[in-house]
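Okay, structure first, notes after.
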There are 2 protein chains.
Amino acid sequence: MAVTIKDVARAAGVSPSTVCRALSTPELVRAETRERVQRSAAELDYSPNRAARGLITGRTGNLGLIVPDLGNPFFPGVVKGIQARAREADYAVFLADTDEDPAAEAQLVRTLAKQVDGIVLCSPRMSEQELRGVAALTPVVLLNRRVGRLPAITFDNVDGMRQAVTHLTALGHRRIAYVAGPRASWSNRERVRGLRLAIAAAGAELIEVGPVQPQFDGGVAAADQVLAAGVTAVIAYNDVIALGLLSRLNVRGIAVPAAISVLGFDDIALSAMVHPSLTTVGLPMKSCGRAGVDLLLGLLQDPDRFGSTRRELGTQLMVRGSTGPAPSA
Amino acid sequence: MAVTIKDVARAAGVSPSTVCRALSTPELVRAETRERVQRSAAELDYSPNRAARGLITGRTGNLGLIVPDLGNPFFPGVVKGIQARAREADYAVFLADTDEDPAAEAQLVRTLAKQVDGIVLCSPRMSEQELRGVAALTPVVLLNRRVGRLPAITFDNVDGMRQAVTHLTALGHRRIAYVAGPRASWSNRERVRGLRLAIAAAGAELIEVGPVQPQFDGGVAAADQVLAAGVTAVIAYNDVIALGLLSRLNVRGIAVPAAISVLGFDDIALSAMVHPSLTTVGLPMKSCGRAGVDLLLGLLQDPDRFGSTRRELGTQLMVRGSTGPAPSA
DNA sequence: GGAGAGTGTGAAATCCTTTGCGGAGGGTTG
DNA sequence: CAACCCTCCGCAAAGGATTTCACACTCTCC
């Protein structure tokens, strides 16, 4: 059915060994032979069977990618970056969506591990212990989470919060609410840490609300508490929550940003599309994906050098319509 | 390194052949032996190397999935459905994002074809001819597009449009604009077809605007033309365009739905989150993904029976805040 | 002209699993 | 007791590509 190395060998009048060399280590083959083989291969539209190659080389040419929920607009951006970079490097990508289930996550790593050279774990929800366990199984790169010395790409959440708070205090806000994401979330903890630092540095006052589910409804639910707290600005754990806040504030007839400023985190595409558009701390999602693949590939090449590399990517505040001067009391 | 069938064989005191049979065709092995083998396999945490198995059986246990753009919120929904169903059937999924490039699409099919048992093509952008070409290479199921007798899952766009128009005319609208998506898009053509039928049946008037890119900016760009056309309602090719319309209308101070009603297509998650929330024709994205995998797996089992199966999924109008009674002239 | 170095190629082993074939052993039947 | 049948299991081949090893050949130099 499919064209194999033998077909090419026959067509070029050489042995399979020579075909293999002509294609993968051309310098070992006489120019004339090499060209003949390459021509035959092209004519027959031959490409080596990756499974067979993997069997002997021990490398599959595949990467695994595990995400908690593609429905969360944060992830498609990261996935696209991973996709693109992997394809450039001639790797194929296995995708698995866990539906936010930590158990499924561990299970999937185990299943995938045998079919891939390494796995990119996007915002993994499983425990540190489990994470270390699966990292022993196969090369792993963490995205948006840091655990011990495991290779990881993260965002500078602390600085992002600094930018957010600086922006708000410059606008005169002194009492600021934070709608927290899940307690178990690493990035939520980091954001809270950065927030407290920045608030303290600015001499402002922080009111913490939540935690809530990092979904639209979480924001909707938090809005009334935020209003009750009598703040002039609110920072949400992420954009989706912020959108929920905006929606509920609108329903209650509260003007944004005249009466209250709203600030999100992530800069999902949607944030620029709503009205008022959402001021938010932008994370370089695509770069994160690319950097993750780069790190993983480096790690496969040279485990010693990259085995515990961690990179932190910068963030950028996107000032839009949902933040404005604090109302004069 | 990894545990192979030989390790299990040694542990159980049998030959590799017996291990294989005990695990894949248990009825051919004596109960006692079978249990011993299964126990050893479990103890060693053995699972067969899929590449090696694929080499001999000709089946990889993998599916390919090609989408134009994960950033378009329509696709993650479909992908999740595919994901979930494939995992249930013990298939792994290769994902590729083409960034809306028809050439990359064809190229990716060719590359993936050798590593998978079949491919799900999501809203393919390539020409009919190319599509037939790649369908000859490997089993293929089309999602959201129909070409000849190729297996496909589609939505009933015509009926969706009927629902939309019925809704608007019931509200008293008589002059309705349509903001068209790309001319090359199959679903756009279908929607236009359904639209014309429904408009004619209702004795209303249709003004076609565009085509525009199926993105937020496309909607923004189309909004002024829509207003200039003096209509009381506008249907957009999809939700993202509709959101662009809403945004621009808001900027121009036009009240929705008091002055003009806006209606989208797809029911992406975002549609319920904006203000006013978007009335839209909902497509069962997840079901579409699941149905696609079901069809593909059926096709792999029994090509004759499923070789040209096509299914059309129903749609459901979601009435929300962006549509209301036509302003009395 | 023959030894030695160097280059280019093929044969064969290997990766791991599946499967057709056949052998061994036990049981049944005439 | 012989012939036969069944059941259960092992041997060996197959699948496609890579890689080691060794062979054959050319060229150089003494």
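Source: prediction; values computed, not measured. Proteins come first, then strands; the chains are lettered A, B, ... in the order of their sequence lines, and each starts at number 1.
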task: Rounded to the nearest angstrom, tell me the gap between atom CZ in Arg21(A) and atom C1' in dA22(D).
output: 12 Å
task: Would you tell me if any nitrogen or oxygen in the side chain of Tyr46(B) comes within less than 4.0 Å of OP1 or OP2 on dT17(C)?
output: yes
- line: Taken to the nearest whole Å, CD1/Ile5(A) to C1'/dT19(D) is 11 Å
field: Polar side-chain atom of Asp99(A) near backbone of Asp101(A) as donor-acceptor pair, under 3.5 Å
entry: no
- prompt: OP1, OP2 of dC9(D) versus side-chain N and O of Thr18(B): anything below 4.0 Å?
  reply: no
message: In this structure, how many angstroms lie between the C1' atom of dT17(C) and the CG atom of Asp7(B), rounded?
response: 13 Å
task: Look at the side chain of Thr25(B) and the backbone N and O of Leu28(B), then say whether any donor-acceptor pair between them is shorter than 3.5 Å.
output: no
query: Arg30(A) has an atom CZ; how far is it from atom C1' of dT26(D), in whole Å?
result: 11 Å
task: Identify the heavy atoms of Ala52(A) and Leu55(B) that sit nearest to each other, and give their distance.
output: CB-CD1, 3.8 Å
message: From the set dC8(D), dT17(C), dT18(D), return the single nucleotide nearest to any side-chain atom of Thr33(B).
response: dC8(D)
query: For Val19(B) and Ala51(B), take the nucleotide of DNA chain D holding the closest heavy atom to each; which residue's nucleotide lies nearer the 5' end?
result: Val19(B)
field: Below 4.0 Å: OP1/OP2 of dG16(D) and any side-chain N or O of Thr4(A)
entry: no
query: Does the side chain of Ser17(A) get closer than 4.0 angstrom to OP1 or OP2 of dA12(C) through an N or O atom?
result: no
query: Of all the choices, dT19(C), dT9(C), dT18(D), which nucleotide is nearest to the side chain of Arg53(A) once you look at every atom?
result: dT18(D)
query: Rounded to the nearest Å, what distance is computed from the CG atom of residue Leu55(B) to the P atom of nucleotide dA13(D)?
result: 17 Å
query: In whole angstroms, how far is the C1' atom of dG15(D) from the CG atom of Asn49(A)?
result: 9 Å
- request: From the options Ser123(A), Pro124(A), Cys122(A), select the one residue that forms a side chain to side chain contact (heavy atoms under 4.5 Å, CB included) with Val67(A).
  value: Cys122(A)
query: What's the NZ-P distance between Lys114(A) and dT17(C), to the nearest Å?
result: 10 Å
task: Using heavy atoms to find the nearest nucleotide of DNA chain D for Ile56(B) and Ser15(B) separately, return the residue whose nucleotide is more 5′.
output: Ser15(B)
- prompt: Can you find a heavy atom in the side chain of Leu300(B) that is under 4.5 Å from one in the side chain of Arg59(B)?
  reply: yes
- prompt: Could you give the CZ-to-P distance, from Arg50(A) to dC16(C), as a whole number of Å?
  reply: 20 Å
